[in-house]
Engineer: 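I have a structure I would like to understand better, so I am pasting it below and will then ask my questions one at a time.
Quick caveat, the model's predicted, so the values are computed rather than measured. No hydrogens, no waters, no symmetry mates; every other heavy atom, side chains included, goes into these values.
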Amino acid sequence: MLKVYRRLSYWRLHIGRTRFYHASSRASPLGVDSSIENNLKTETNKLSKTGQKFWDQVGLDFGGDKITVQLDSKPLRTPLGNNLAIDHDRKVLGLMLKKEWSNLQEVASKKFSLPLTSLVSRCIDLETTSNADCDPEAVAKIGGDTTVIKNQLLRYMDTDTLLVFSPAKEFEGALREEQDKLYLPIIKKIEEFLGQYSSSDKQLTLQILDADVHGLRGNVQSQEVKDAAMNYMDSLSPWDLAVFEKTVLTTKSFICGILLMESMTKKSTHKELVKSLDEIIRLATLETIFQVERWGEVEDTHDVDKRDIHRKISSAAIVAFKN
């Protein structure tokens, strides 16, 4: 009976962690905040509301200082009315955005049909709303207050997927062994990485939650760690912050957000933090992988979640990448 109780309690801890910041993770696929009416007549808003195809041709305009995605020779616009235009060093992204819109069928589009457009729209709109003199209403429409975004993402440092360790006897010890093998080296390197952004002379130490030692109590990072994490986010451009946000919300891990950003940065000096997308996804879903292997896959749940996290992480990586 005690074993069953511990399993249920552990599941509640895990579920609580995955529900954190749930409202933001369910935001409209095209970056529209559904809690605030957005009546701007843009192409992304129109598709989001109608789900119907209303164009014939998709093209890219390479003129000027940006690559602009066009529908029937007119600029495609984000939910806030900005042109869906990207820098020339993101040519691969431009080609994939074109393909994303070209592949939409006449039938009603699904909410997951435009993952790249969704994220790029947020990147662009977040850039425009980051200005101090930006219209507060525009900021509210996309949930674009970067201070609020950073504070909400910072809370994931306490509940980070990679900082929660299973009971040693769970799955005959196999899960904990794998967590120790994969998580502990990364945690050490993340402590060193965040140390660059710390104003304290103290060695940064990430607090982990060990189910055998700490039970089901909450996990809280030191103020020094939180300050360093905030300084790291302050160093990100609005574009990169949007990518980081998508990764953290998808993986429920601040650490995985750092891993993806470092892995997509050609100039990264932290080679130990450079991981493949499959490695990042495994790190974020290790517990679920073991559960599925033991108890089997629940149709329309585990399989859907698996495709969803792959789609979101892959989109984040593509949007972060520069040619």
Engineer: Can a donor-acceptor pair be found, under 3.5 Å and without considering hydrogens, that links the side chain of Glu178 to the backbone of Leu175?
Structural biologist: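 Not confirmed, Glu178 side chain does not pair with Leu175 backbone.
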Engineer: With a cut-off of 6.0 Å (strictly less than), are more than 12 heavy atoms of other residues, nucleotides or ligands near CD of Glu177?
Structural biologist: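 Atom CD in Glu177 is not crowded, with 12 or fewer foreign heavy atoms closer than 6.0 Å.
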Engineer: Side chain of Ser314, backbone of Arg311: donor and acceptor closer than 3.5 Å?
Structural biologist: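 Such a contact is absent between Ser314 side chain and Arg311 backbone.
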Engineer: Is there a donor-acceptor contact under 3.5 Å from the side chain of Arg176 to the main chain of Glu170?
Structural biologist: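 Not a single qualifying donor-acceptor pair exists.
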Engineer: Taking only residues at least two apart or on different chains, which pairs with a member in residues 190-206 satisfy salt bridge (charged side-chain N to carboxylate O under 4.0 Å, His left out)?
Structural biologist: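 The answer is Lys189-Glu192, Lys202-Glu224.
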Engineer: Hey, are the side chains of Ile208 and Asn219 touching, using non-hydrogen atoms and a 4.5 Å cut-off?
Structural biologist: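 They are not in side-chain contact.
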Engineer: If you round to the nearest 0.5 Å, how far is NZ of Lys169 from CG of Asp212?
Structural biologist: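 If I round to the nearest 0.5 Å, the distance is 8.5 Å.
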Engineer: Can a salt bridge be assigned to the pair Asp125 and Arg122 using a cut-off of 4.0 Å between side-chain N and carboxylate O?
Structural biologist: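 Not counted as a salt bridge, because no side-chain N and carboxylate O are separated by less than 4.0 Å.
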Engineer: So how far is it from Met264 CE to Ile318 CD1, rounded to the nearest 0.5 Å?
Structural biologist: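 Separation between the atoms: 9.5 Å.
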Engineer: I'd like to check Val58 versus Leu71 (side-chain heavy atoms, cut-off strictly below 4.5 Å). Are they in contact?
Structural biologist: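 In short, these two side chains touch, coming nearer than 4.5 Å.
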Engineer: Run the salt-bridge test on Arg282 and Asp278 with the 4.0 Å N-O cut-off and return the result as yes or no.
Structural biologist: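 No.
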Engineer: Decide side-chain hydrogen bond (donor to acceptor under 3.5 Å, both in side chains) for Thr117 and Glu100; before the verdict, give the C-alpha distance in whole Å, the side-chain angles of both, and the deciding distance to 0.1 Å.
Structural biologist: CA-CA 8 Å; Thr117 302; Glu100 190 171 67; 2.6 Å; yes
Engineer: How long is the span from the CD atom in Glu127 to the CG atom in Leu241, to the nearest 0.5 Å?
Structural biologist: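 Here the interatomic distance stands at 10.5 Å.
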Engineer: How long is the gap from NZ on Lys312 to CD1 on Ile281, to the nearest 0.5 Å?
Structural biologist: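 The distance works out to 12.0 Å.
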Engineer: Compare every heavy atom of Val248 with every heavy atom of Gly257, then report the nearest pair and how far apart it is.
Structural biologist: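 It is CA-CG2, 4.1 Å.
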Engineer: Quick one: does any side-chain atom of Thr251 pair with a main-chain N or O of Ala284 as donor and acceptor, under 3.5 Å?
Structural biologist: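 Side chain of Thr251 to backbone of Ala284: no pair is present.
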Engineer: Working to the nearest 0.5 angstrom, can you tell me the gap between Leu206 CG and Ile187 CD1?
Structural biologist: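 If I round to the nearest 0.5 Å, the distance is 6.5 Å.
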Engineer: Test your reading of the model: is there a side-chain donor-acceptor pair from Ser118 to the backbone of Leu114, 3.5 Å cut-off?
Structural biologist: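 Answer holds: no.
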Engineer: Lys66: which residues meet the salt bridge (charged side-chain N to carboxylate O under 4.0 Å, His left out) condition with it, sequence neighbours left out?
Structural biologist: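 Lys66 satisfies salt bridge (charged side-chain N to carboxylate O under 4.0 Å, His left out) with Asp87 once adjacent residues are dropped.
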Engineer: Provide the closest heavy-atom pair for Ser166 versus Ala211 in the form atom of the first, atom of the second, distance.
Structural biologist: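 The pair with the smallest heavy-atom distance is C-CB, 4.0 Å.
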Engineer: Only one of Val220, Asp227, Val225 forms a side chain to side chain contact (heavy atoms under 4.5 Å, CB included) with Gln223, so which one is it?
Structural biologist: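 Of the listed residues Val220, Asp227, Val225, the side chain to side chain contact (heavy atoms under 4.5 Å, CB included) partner of Gln223 is Asp227.
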Engineer: Looking only at heavy atoms, which two atoms of Thr128 and Asn82 are closest? And how far apart?
Structural biologist: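 Closest approach of Thr128 to Asn82, heavy atoms only: OG1-ND2, 3.3 Å.
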Engineer: Any idea which heavy atoms bring Ser263 and Ile280 closest together, and the distance?
Structural biologist: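 Smallest heavy-atom distance, with atoms named: OG-CD1, 4.3 Å.
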Engineer: Cation over ring, Lys252 on Tyr156, under 6.0 Å and within 45°?
Structural biologist: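 Here Lys252 fails the 6.0 Å and 45° test against Tyr156.
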Engineer: Any donor and acceptor pair, going by atom type alone, linking the side chain of Asp61 with main-chain N or O of Ile67 inside 3.5 Å?
Structural biologist: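 Checked: no pair found.
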Engineer: On the 0 to 90° scale, with breaks at 30° and 60°, tag the Tyr183-Phe165 ring pair as parallel, tilted or perpendicular.
Structural biologist: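 Judged by the thresholds at 30° and 60°, the geometry between Tyr183 and Phe165 is perpendicular.
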Engineer: Is there a donor-acceptor pair under 3.5 Å between the side chain of Asn83 and the backbone N or O of Arg77?
Structural biologist: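 Judged by distance alone, no pair lies under 3.5 Å.
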Engineer: Tell me if a side-chain donor or acceptor on Gln221 pairs with a main-chain N or O of Lys226 at a distance below 3.5 Å.
Structural biologist: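 Checking the backbone N and O of Lys226 against the side chain of Gln221, no donor-acceptor pair under 3.5 Å is found.
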Engineer: Using only atom types and a distance under 3.5 Å, with no angle test, would you say the side chain of Gln70 pairs donor to acceptor with the backbone of Gly59?
Structural biologist: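 It does not hold such a pair.
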Engineer: Write down the atom of Thr78, the atom of Thr44, and the distance for their closest heavy-atom approach.
Structural biologist: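 Taking every non-hydrogen atom into account, C-OG1, 3.0 Å.
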Engineer: Report the distance from atom CH2 of Trp239 to atom CG of Leu119, rounding to the nearest 0.5 Å.
Structural biologist: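 Rounded to the nearest 0.5 Å, the CH2-CG separation comes out at 8.0 Å.
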Engineer: If only atom types and distance count, is the side chain of Ser198 paired as donor or acceptor with the main-chain N or O of Leu194 below 3.5 Å?
Structural biologist: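 Such a contact is absent between Ser198 side chain and Leu194 backbone.
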Engineer: Please name all residues satisfying salt bridge (charged side-chain N to carboxylate O under 4.0 Å, His left out) with Asp234, sequence neighbours left out, ordered by chain then number.
Structural biologist: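 Here the qualifying residues are Lys150.
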Engineer: If you compare all heavy atoms of Tyr197 against all heavy atoms of Ala228, which two are closest, and at what distance to 0.1 Å?
Structural biologist: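 Heavy atoms of Tyr197 and Ala228 come nearest at CB-O, 3.4 Å.
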